[in-house]
Amino acid sequence: MNSTPTSSAPRPPHTFRTVFPVLALCWLAVFFDGMDVNIYGAVMPHMLDDSGLGLTPAGAGTIGSWTTFGMLIGALTAGNLTDWLGRRLMLVASVTLFSVGSAVCAVAAGVGVFGLGRFVSGLGLGGLMPLCLAMVMEFAPPRRAALTTGLLMTSYHFGGMAATGLGLTLAPAAGWRWVFWAGVLPAVIAVPLLLKLLPESPGVLLARGKREKADAVADRYGLPRPTVAAAPASGARGRLAAVRELFRAESRWATPLLWLASFCGLLLVYGVSTWLPQMMRAEGYGLSSSVSFLMVINAGGIVGLLIAGRTADKFGPVRVSAIWFVLTAAGALLLSNHLPLGATYAVVAITGVWLFSAQVMVYAATNTVYRDSERAAGLGWVTGVGRTGAVVGPWLIGVLATSGNQSWGFTTFALAGLVGAVAIALVPLARRIGRSGAPAVASVAATVGAGAPEA
């Protein structure tokens with residue numbers, strides 16, 4: 001009886017229109033994620049000029065890494081907490097946490113407390129992104145996973161542009177602290193909407209033994225009803241088994257390549273988001289121009305995601321990601337040269353088109369590697385391991401800035417782009433090697449098993 005709809009009303013079609021409320025709410029949450037991540041880079045030049053705070057370039061890089069270290073912990077622990085709270089309440093907790101962290105930054109009297117605030121923000125930010133990605137991939141219309149992922153991630157860049165706007169207007173007029181007070185808005189705006197309107201994931205409901213609720217949510221949004229095979233693993237034992245599945249024959253070589261590509265992609269994303277204004281200022285551009293480059297690169301990111309999503313649905317996310325990584329490397333090398341201001345704006349915008357969507361297409365590529373039951377674990381580990389790149393990027397550029405070699409940061413970004421391109425481009429080959437090796441492994445196992453009684 002529970003396996004059939006309890007209402008005589010026809011099921012809605014599974015289209016963008018039917019799942020729009022879920023996509024819109026996740027879009028809003030990621031918008032505030034992008035705003036919070038980019039706030040620090042947008043106000044860093046003002047903070048370095050604030051002698052009362054005592055922030056140095058080395059300290060700025062360390063704090064940037066503390067933020068992303070918090071994100072690493074948040075990404076890797078969100079899955080286990082989801083077993084207890086569900087994805088909906090975990091999203092609410094994540095938004096609340098990075099809003100609280102922003103408030104701590106706003107009142108910080110010294111670098112230590114400010115760093116603590118950014119670490120707290122990182123805990124919330126790290127859990128939010130994989131949760132939203134998993135939600136939109138689950139609710140995405142058929143054969144539109146890459147486009148849906150790209151649309152979701154445009155919100156990150158709109159949030160980055162909002163942060164840059166605050167850095168250009170509010171920081172000079174009222175001080176950098178008021179920009180962090182603006183970072184408390186997510187708790188006021190997004191949390192009530194998420195609590196009232198966001199449904200729970202049908203797959204998570206099924207994994208928690210709530211079959212009727214899972215079917216009801218799926219019927220309401222036109223999704224296929226979840227099956228036990230597609231439900232994400234729950235509990236410590238289930239998650240350990242899910243990680244082992246990521247290294248089954250077909251994906252054992254593709255998994256570390258996805259991790260490496262994600263590492264390079266997030267090194268680029270967070271290294272650029274944290275340091276681009278200060279790097280451009282060190283290259284001789286004015287303060288306002290240096291901060292506005294962050295807005296321009298995020299605007300390019302929005303365009304790039306719209307292009308990448310449609311292109312990847314046609315040609316595949318792996319191919320698109322590899323090409324985008326190479327183009328990012330070319331853009332970073334161009335920025336290492338002091339160009340006329342107009343040309344620099346153009347190069348920054350075009351680099352933004354490739355940079356951010358290269359990483360997002362790595363996420364989309366997990367759909368081509370992992371089965372439904374492995375998707376949540378695979379995506380969680382791709383984002384989680386990738387966060388180590390987000391830790392390394394801000395720290396490394398801070399070290400280079402302290403030694404007076406800030407311009408080498410662009411070379412570092414170019415190398416990360418090339419390594420990311422090679423890693424993601426090898427994923428199809430790795431899958432073919434895994435598939436061709438699987439029958440051989442099975443044959444050996446059968447031979448050993450057949451010979452066991454005679455031993």
Side-chain angles (χ1 to χ4, degrees), residues 32-78 92-129 159-160 162-164 166-167 170-191 270-271 273-278 281 287 291 294 387-388 390-399 401-402:
F32 284 122
D33 179 301
M35 190 177 88
D36 194 283
V37 169
N38 284 275
I39 274 178
Y40 183 44
V43 300
M44 186 192 293
H46 298 281
M47 295 176 66
L48 290 169
D49 290 344
D50 184 352
S51 58
L53 183 64
L55 185 67
T56 64
T62 300
I63 288 174
S65 291
W66 271 105
T67 308
T68 50
F69 182 62
M71 294 170 78
L72 172 62
I73 296 174
L76 294 178
T77 58
V92 170
S94 297
V95 173
T96 302
L97 202 56
F98 68 70
S99 297
V100 169
S102 193
V104 172
C105 290
V107 300
V111 172
V113 176
F114 182 86
L116 174 64
R118 291 306 290 165
F119 176 75
V120 172
S121 291
L123 292 174
L125 294 167
L128 185 140
M129 187 65 76
T164 308
L166 292 170
L170 190 58
W176 61 266
R177 294 181 186 275
W178 280 101
V179 180
F180 284 99
W181 279 121
V184 181
L185 289 175
V188 179
I189 297 173
V191 166
Y270 288 95
S273 296
T274 302
W275 279 101
L276 181 63
Q278 188 60 25
R281 192 181 184 190
L287 177 58
V291 175
L294 197 58
R387 295 292 181 192
T388 58
V391 173
V392 169
W395 167 81
L396 181 58
I397 305 305
V399 171
T402 302

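Note that this is a predicted model, so its numbers are computed, not measured. Position 1 is the first residue of the sequence; numbering continues from there.
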For residues W275 and P57, report the shortest heavy-atom separation together with the two atoms involved.
CH2-O, 3.5 Å
For the residue pair W66 and F69, does the interplanar ring angle fall in the parallel (under 30°), tilted (30 to 60°) or perpendicular (over 60°) class?
perpendicular
Please name the pair of heavy atoms, one in L53 and one in G110, separated by the smallest distance, quoted to 0.1 Å.
CD1-C, 3.9 Å
So, R118 side chain and G70 main chain: donor-acceptor pair closer than 3.5 Å or not?
no
What pair of heavy atoms forms the shortest contact from P186 to A182, and how long is it?
CD-O, 4.1 Å
After noting the C-alpha distance and the side-chain angles of V104 and V120, does the key distance pass the side chain to side chain contact (heavy atoms under 4.5 Å, CB included) rule?
CA-CA 9 Å; V104 172; V120 172; 5.9 Å; no
Can you tell if the side chain of D50 reaches within under 4.5 Å of the side chain of L55, non-hydrogen atoms only?
no
Distance, nearest 0.5 Å, that separates CG of L72 from OG1 of T67
12.5 Å
Should L128 and F98 count as side-chain neighbours, where that means a heavy-atom distance under 4.5 Å?
yes
So, the side chain of T96 versus the backbone of A187: is there a donor-acceptor pair under 3.5 Å, distance only?
no
Let me confirm one number: the CZ-SG distance from F180 to C105, rounded to the nearest 0.5 Å.
5.0 Å
To the nearest 0.5 Å, what is the distance between CG on L276 and CE on M44?
10.5 Å
P394 backbone acceptor or donor facing S65 side chain under 3.5 Å
no
Shortest non-hydrogen contact from A42 to A163?
CB-O, 3.6 Å
Quick one, T62 and V111 - any side-chain contact, counting heavy atoms below 4.5 Å?
no
How long is the span from the CD1 atom in I39 to the CZ atom in F32, to the nearest 0.5 Å?
10.0 Å
Separation of L170 CG from H46 NE2 (nearest 0.5 Å):
10.0 Å
Minimal non-hydrogen separation, S94 against G124, with atom names
CB-O, 3.3 Å
What are the two closest non-hydrogen atoms of G167 and A171, and how far apart are they?
O-CB, 3.4 Å
dist N38:CG -> L166:CG (nearest 0.5 Å) comes out at 11.0 Å
Determine, using ring centers only, whether Y40 and F114 are less than 6.0 Å apart.
yes
